[in-house]
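Since the structure comes first, as structure tokens, the remarks are kept for the end.
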Protein chains: 2
Amino acid sequence: MVSKENPRPGGRSARVQAAVHHAVREMLTGMDRADVTIPLIAQRANVTPSTIYRRWGDLQELLAAVAASRLQPETEPQRTGSARTDLQAWAEQYADEMSSGAGRQMIRDVLAVSDTANAEKCCSYTQQQLRLIVARAEEQGEAFPTLTELMDFVVSPIMYRILFDQVPSRDYVRGLISRVMPEGAAKS
Amino acid sequence: MVSKENPRPGGRSARVQAAVHHAVREMLTGMDRADVTIPLIAQRANVTPSTIYRRWGDLQELLAAVAASRLQPETEPQRTGSARTDLQAWAEQYADEMSSGAGRQMIRDVLAVSDTANAEKCCSYTQQQLRLIVARAEEQGEAFPTLTELMDFVVSPIMYRILFDQVPSRDYVRGLISRVMPEGAAKS
DNA sequence: TGGCTAAAAGCAAATAATTTGCGTTAGCGA
DNA sequence: TCGCTAACGCAAATTATTTGCTTTTAGCCA
């Protein structure tokens, strides 16, 4: 299956998408967000505005698509010796990236549109990363929370704070992890 | 202090705000969201579009303001006999309301704008409700989680799932509550 | 009470964004 | 190589947004 978001590579459609995404990323870093308009993006990407309108619908949906693709992790979680410390390092980085101005904005962009596909994509990216850490723990016979527990009690509180409240501190993230680790390992 | 969002009651400014909010609420329940435009809202509210543009900026900000005001709870959490069951009833209702199409949309509207004031308002509404339940538990000497624990391990996971994943089921919400209750009372 | 003032609303012209119909092109499969 | 179709370009028509200026209104003080 070749979806609109992942066109056959090399084709014209793919080139247009790449040019538009690239133009958006450039413009988001370097000018006031309110000045980013579809006609401007089109100009930078060397396409006509109507191409963008027909393909993405409106600015929000385009921004959501770009944000989702930027939220995809490029590397797997760093190895630090134990699954526990892997988790801690991963969570701290996750919180940092998502709390930054750019990160918050990308999340908001993803959530702003009514199409839930992009948001679900982000969620599954996170789960993929965590699954890797869980698998490492299993390999080494390390007692570890389940994926669901990690999503509910580490990822969710971090994300809630970023979206609705104050950005989470490093200590806060550590506290969440201590809370969710199996009893025997509850102390850092 | 009389802010733009809470003008002196009875004045012209307040009448305009009420008319516009009312028009928005009406239009959101009864027509396709994509057809809700500022010129149309202005017409229904009997004001000129420029009034809305000057006061709210754009459609997203207006929708965010309306959504935040609709997310304010009207009543305090129902009394069901114990703080534990109060919490359960409250959480189930919260999850239901927020998972509904209208609820999800209101949350998205609130999060879509870069001004975080509305999102923080929603968070504080939730905290106010939970504080009442925590206070009831204290009055009766019932062992109970702290407000922070409730926000982190009940509210956050529910909200994360609504925004990024599948809507939470009733059993899921009950599970969260069991997990967060003090050990002695962990069994329902 | 009766003006005075500043904030907010109305109006309309100018600008900018969005939609749409139609012709063109590039890439894919036969 | 030769269509065929999906996607793009172009431009006109529509619609939304901005803006300068005028008018109204509520609050305030003499």
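Please read all numbers here as calculations on a predicted model, not as lab measurements. Every chain is numbered from 1 and lettered A, B, ... according to where its sequence line falls, protein lines coming before strand lines.
Applying the 3.5 Å distance criterion, the base of dC8(D) shares no donor-acceptor pair with the side chain of Ser13(A). With hydrogens and angles ignored, no donor-acceptor pair under 3.5 angstrom links the side chain of Arg12(B) to the base of dA26(D). Contact of Ser50(A) with dC8(D) (side chain to base): no donor-acceptor pair of N or O atoms is detected under 3.5 Å.
Atom CZ of Arg54(A) and atom P of dA17(C) are 18 Å apart (whole Å). The CD atom of Gln17(B) sits 18 Å away from the P atom of dA7(C) (whole-angstrom rounding). Rounded to an integer number of Å, the gap from Ile52(B) CD1 to dT15(D) C1' is 16 Å. Separating the CZ atom of Arg55(A) from the C1' atom of dG9(D) is a distance of 15 Å, rounded to the nearest angstrom. Atom CZ in Arg15(B) sits roughly 11 Å away from atom C1' in dT24(D) (whole-Å rounding). Between Asp35(B) atom CG and dA16(D) atom P there is a gap of 10 Å when expressed in whole angstrom units. Between Trp56(A) atom CH2 and dA7(D) atom P the separation is 11 Å, expressed in whole Å. Per the geometry, OH belonging to Tyr53(A) stands 13 Å off P belonging to dA16(C), to the nearest Å.
Taken residue by residue, residues 37-47 of chain B places heavy atoms nearer than 4.0 Å to DNA chain D at Thr37(B), Ile38(B), Pro39(B).
A distance-only check finds a donor-acceptor pair linking the side chain of Arg55(A) to the backbone of Ser13(A) [under 3.5 Å].
For the atom pair CG (Asp165(A)) and CD (Gln127(B)), the distance works out to 6.0 Å, reported to the nearest 0.5 Å.
Comparing Thr51(A) and Asp58(B), the nucleotide of DNA chain D nearest to each residue sits closer to the 5' end for Thr51(A).
Heavy atoms from other residues, nucleotides or ligands lying under 6.0 Å from CD of Gln140(A) number more than 12.
Taking the six-membered ring for Trp and thresholds of 30 and 60 degrees, Phe153(B) and Phe153(A) have ring planes more than 60 degrees apart, a perpendicular arrangement.
Partner of Leu111(B) under the side-chain contact (heavy atoms from CB on, under 4.5 Å) criterion, chosen from Asn118(B), Thr116(B), Leu163(B): Leu163(B).
Note that Arg161(A) lies in the cation-pi zone of Tyr172(A), set by a 6.0 Å cut-off to the ring centre and a 45° limit from the axis.
No donor-acceptor contact under 3.5 angstrom links the side chains of Gln128(A) and Arg131(A), judged on distance only.
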